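Take a look at the structure set out below.
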Amino acid sequence: MSDPAAEAPLGPDGLSRCPWALSAPDYLAYHDEEWGRPVHGDDALFERLSLEAFQSGLSWITILRRRPGFRAAFAGFRIADVAEFTDADRARLLTDTGIIRNRAKIDATLANARVLAGWEPGELDALIWSHAPEPAGRPAPRTLADVPAVTEESTTLSKTLKKRGLRFIGPTTAYALMQACGLVNDHLKTCAARTTP
């Protein structure tokens with residue numbers, strides 16, 4: 001007999017989803033189309049890294065709804081462009097109502113871009129993906145309680161990025177990045193998105 005608590009709830013289309021995906025329409029689209037799908041490319045990963053840092057202490061929906069504003073404010077998260085931001089750009093960001101105006105997080109994003117601008121093309125992508133665990137060693141979570149907040153791999157990734165000069169990337173933020181970018185698949189076992197290509 002199946003455990004009802006382990007069943008992902010049904011979405012408006014009758015398909016099972018992770019419970020958090022059904023709390024807002026923005027979440028449903030993000031869950032179905034982005035979360036857990038592999039993300040590659042230095043700029044794309046810099047964006048996810050930056051947004052996960054901004055999310056720290058806030059709900060993801062707050063960031064998701066401001067993502068267009070973030071992209072406009074941070075030059076589409078193109079590392080080379082953000083690395084050239086000046087004090088005037090920083091002052092602009094601190095007054096931009098389209099983003100989260102947290103001084104420490106803004107400063108970390110600008111500092112991270114400057115560090116990453118000195119890396120070889122593809123280096124950030126390779127470093128992050130080198131910390132992806134073997135999928136075979138990770139059983140599909142049956143409930144949200146089975147989904148960790150931190151793992152050995154996220155702790156190692158956090159330490160590695162910090163050693164390389166990046167800021168605002170603790171183990172929890174690193175794990176959220178791994179989930180969002182498809183390094184791990186934390187869709188529940190019965191979630192329709194778990195096997196969607």
Side-chain angles (χ1 to χ4, degrees), residues 2-74 76-77 98-100 105 109 124-125 128-129 131-151 153-155 157-158 168-197:
S2 66
D3 175 6
E7 299 295 319
L10 299 181
D13 55 5
L15 296 177
S16 299
R17 299 294 198 301
C18 298
W20 62 265
L22 301 177
S23 61
D26 310 64
Y27 270 156
L28 184 60
Y30 176 70
H31 170 274
D32 287 0
E33 298 163 20
E34 295 185 61
W35 193 74
R37 306 279 178 109
V39 173
H40 286 282
D42 294 342
D43 291 341
L45 288 166
F46 172 59
E47 175 182 340
R48 301 323 192 277
L49 189 69
S50 300
L51 293 179
E52 293 294 349
F54 272 101
Q55 186 268 331
S56 180
L58 302 170
S59 68
W60 179 245
I61 197 78
T62 302
I63 303 302
L64 196 57
R65 288 177 174 161
R66 285 180 168 84
R67 188 164 59 170
F70 273 107
R71 287 174 171 167
F74 285 96
F77 288 98
I99 66 170
I100 304 299
K105 294 174 182 180
T109 302
L124 177 62
D125 188 309
I128 288 174
W129 276 90
H131 290 80
E134 279 296 323
R138 290 178 52 84
R142 298 179 70 238
T143 69
L144 291 180
D146 296 332
V147 179
V150 174
T151 62
E153 292 87 359
S154 76
T155 300
L157 175 58
S158 169
F168 236 104
I169 177 75
T172 303
T173 299
Y175 192 67
L177 174 78
M178 294 171 75
Q179 291 176 303
C181 296
L183 280 76
V184 296
N185 184 351
D186 278 342
H187 286 286
L188 298 188
K189 186 173 185 178
T190 55
C191 175
R194 185 166 182 88
T195 55
T196 303

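Note that the structure is predicted; figures quoted are calculated from it, not measured. Both backbone and side-chain heavy atoms feed into the values below; hydrogens, waters and symmetry mates do not.
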Just wondering, do [Y] and [X] contact through their side chains at under 4.5 Å, heavy atoms?
X      : Y      : value
Ile63  : Phe70  : yes
Leu28  : Pro12  : yes
Leu144 : Trp20  : yes
Leu157 : Tyr175 : no
Cys181 : Ile128 : no
Phe77  : Ser50  : yes
Leu64  : Ser59  : no

What distance do [X] atom [atom1] and [Y] atom [atom2] have between them, rounded to the nearest 0.5 Å?
X      : Y     : atom1 : atom2 : result
Tyr27  : Arg65 : OH    : CZ    : 8.0 Å
Thr109 : Leu51 : OG1   : CG    : 8.5 Å
Phe74  : Glu47 : CZ    : CD    : 11.0 Å
Asp13  : Asp32 : CG    : CG    : 7.0 Å
Leu22  : Leu10 : CG    : CG    : 8.5 Å

For the pair [X] (side chain) and [Y] (backbone), establish whether a donor and an acceptor sit closer than 3.5 Å, ignoring hydrogens and angles.
X      : Y      : value
Arg48  : Met178 : no
Arg194 : Asn185 : yes
Asp125 : Asp42  : no
Lys105 : Ser56  : yes
Lys189 : Arg142 : no
Ser16  : Ala192 : no

| said: Can you tell whether the side chains of Arg67 and Glu34 come within less than 4.0 Å, N to carboxylate O? | reply: yes
To check you understand the geometry: which heavy-atom pair defines the closest contact between [X] and [Y], and what is its length?
X      : Y      : value
Arg66  : Thr62  : NH1-CG2, 3.2 Å
Asp186 : Gln179 : OD2-NE2, 2.9 Å
Val39  : Leu45  : O-CD2, 3.8 Å
Ser158 : Pro171 : OG-N, 3.5 Å
Cys18  : Leu188 : SG-N, 3.4 Å
Ala24  : Ile61  : CB-CD1, 4.0 Å

| Aromatic plane relationship, Trp129 with His40 - under 30° parallel, 30 to 60° tilted, over 60° perpendicular | parallel
| Taking the six-membered ring for Trp, are the ring centroids of Trp60 and Trp35 within less than 6.0 Å of each other? | no
